[in-house]
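Please read all numbers here as calculations on a predicted model, not as lab measurements. Atoms within a ligand are numbered from 1 in the order they appear, just like the ligands themselves.
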Amino acid sequence: MLVLGVESSCDETGVALYDSAAGLLSHALYSQVAMHAEYGGVVPELASRDHIRRLVPLLREALGKAGRSLPEIDAVAYTRGPGLAGALLVGCAFAEALAVALDKPTIAVHHLEGHLLSPLLSSDPPVFPFVALLVSGGHTQLMRVAGVGDYELLGETLDDAAGEAFDKSGKLLGLPYPGGALLSQLAERGTPAVYKLPRPMLHSGDLNFSFSGLKTAVLTLVREQGDPLSETFKANAARAFQEAMVEVLLKKSLMALKQTGLKRLVVAGGVGANKQLRATLNSEAKRYGFRVHYPELAFCTDNGAMIALAGCLRLQSGTAAKTGGQFAIQPRWPLMEMARERPL
Ligand code: KG4
Ligand code: ZN
């Protein structure tokens, strides 16, 4: 079974081909980051228009790389939500039109399910059940994942998402949007423990997070410093921010493993690309005897491969949400709501 995946929920356009027997055949991606950086954040209307420009060339690229042609596709999976309404509509309309032309079904995929399942694309995939730490620009959640569509929310952020806190703190330190990856590069040049920032909700006793206070602590540090910020200050402040973030994510993940009795942790979403987070989790995994899995770096941030994979797995398990002919986007869509829903 050959599934085409289309991702267009935010500022990345992704198209991929996933084969149920052979695995991922190809993927093509275009990031709009440079376009939005000028405005300091994603401009929804520009995002939608750019998705329109990119989808057909990316489809050609994905087909070309895989050596496949359109009639060979068995289903078209696309991101139904959550995300920007206009951006989602572009991907949905593209997928629905293509499916009508090919006389094949469409499968509506939850973007976070794509992230959750993305480590299954790696050469050493995790087996169910596992604890998932989902850390992206819009979400921070700990989940118990027992199988495709079988998710239990263990905890989540009460305010900012981890990636959002990275981006906002990066902005405070003068970095362009999105500051997450740049902040982590800056942190590598910083000296550990020069500044000690708060670890929000570390001892809350539950698995929830809160990161807006951490961002405010960076703001206070920056204000105390006054202009202009020296490179050394910026690197040390980035380091302090990252240390606080990593410690909270680590401790809560360890608690989730203990609470569920599971020995496998999967880290997904853009922040999962963070080197310090990975190094810390890897060494703690050795110490506490659990396994930690990550998606390949290319599949940490948004991409079409995870959507094609999720669509294919849903199709195989008979739980695909087939939305043929409807513009069924869902910009606000809690993952747990979807997990409870019956297939369309
Ligand atoms: O999963 P993703 O591509 O998009 C969402 O679905 O939100 O995640 C993007 C987020 C951004 O906030 C970005 O700054 C952050 O992931 N990010 C990182 C790193 N690479 C991307 N944060 C920390 N360290 C990184 N290396
Ligand atoms: Zn994402």
**Report entry** Shortest protein heavy-atom distance from atom 19 (C) of ligand 1, along with the residue and atom involved
**Finding:**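 Atom 19 (C) of ligand 1 sits closest to the protein heavy atom G270 O, 3.6 Å.
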Query raised in the report: Identify the closest protein heavy atom to atom 25 (C) of ligand 1: which residue and atom is it, and at what distance?
Result: A181 CA, 3.8 Å
Query - Worked verdict on F299 versus H27 for side chain to side chain contact (heavy atoms under 4.5 Å, CB included) - result: CA-CA 10 Å; F299 303 134; H27 77 108; 3.5 Å; yes
Query raised in the report: What closest approach, in Å, do V42 and A47 show between heavy atoms, and which atom pair accounts for it?
Result: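 Looking at all heavy atoms of both residues, the closest pair is CG1-CB, 4.3 Å.
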Requested in this report: Write down the atom of P126, the atom of P119, and the distance for their closest heavy-atom approach.
Outcome: CD-O, 3.7 Å
Query raised in the report: Checking only N/O/S atoms, does H115 have one that is under 2.8 Å from the Zn ion (ligand 2)?
Result: yes
Query raised in the report: Quick check: does H111 put an N/O/S atom under 2.8 Å from the Zn ion (ligand 2)?
Result: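 Yes.
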Sub-4.0 Å atoms of ligand 1 with respect to non-hydrogen atoms of [X]:
| X | result |
| --- | --- |
| H111 | 6 (O) |
| V271 | 16 (O), 18 (C), 22 (N) |
| D167 | 11 (C), 12 (O), 13 (C), 14 (O) |
| A273 | 26 (N) |
| G138 | 7 (O) |
| T301 | 3 (O) |
| H115 | 1 (O), 6 (O) |
| G163 | 12 (O) |

Query raised in the report: Is there a side chain to side chain donor-acceptor pair (under 3.5 Å) between S122 and E296 once you walk through the steps?
Result: CA-CA 6 Å; S122 67; E296 286 175 31; 5.9 Å; no
Requested in this report: Ignoring angles and geometry beyond distance, decide whether G137 reaches within less than 3.5 Å of ligand 1 through its nitrogen or oxygen atoms.
Outcome: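 G137 vs ligand 1: N/O contact under 3.5 Å present.
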Query raised in the report: If you measure every N/O of G269 against every N/O of ligand 1, is any gap under 3.5 Å?
Result: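 No: no nitrogen or oxygen of G269 is under 3.5 Å from one in ligand 1.
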Query raised in the report: Side chains of E7 and H111: do they bring a donor and an acceptor to under 3.5 Å?
Result: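 Short answer, yes.
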Query raised in the report: Centres of the F166 and F241 rings: under 6.0 Å?
Result: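 For F166 and F241, the ring centres are under 6.0 Å apart.
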Query raised in the report: Do F233 and Y195 have ring centroids that are under 6.0 Å from one another?
Result: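 Yes - the distance between ring centres of Y195 and F233 falls below the 6.0 Å cut-off.
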Requested in this report: May I have the step-by-step check of side chain to side chain contact (heavy atoms under 4.5 Å, CB included) for V131 and L142, ending in yes or no?
Outcome: CA-CA 7 Å; V131 168; L142 272 164; 3.9 Å; yes
Query raised in the report: Would you say H139 touches ligand 1, if touching means a heavy atom closer than 4.0 Å?
Result: no
Query - Flag side-chain contact, heavy atom, 4.5 Å: L98 against L70 - result: yes
Query - Contact check, side chains of N274 and L249, non-hydrogen atoms, under 4.5 Å - result: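 In short, these two side chains do not touch, never coming nearer than 4.5 Å.
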Query - Selection from V135, L277, N274, D302 by shortest heavy-atom distance to atom 26 (N) of ligand 1 - result: N274
Report summary line: the Zn ion (ligand 2) has as its nearest N, O or S atom from D302 the atom OD1
Requested in this report: Indicate yes or no: does D159 engage K215 in a salt bridge with an N to O separation below 4.0 Å.
Outcome: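 No, this pair does not count.
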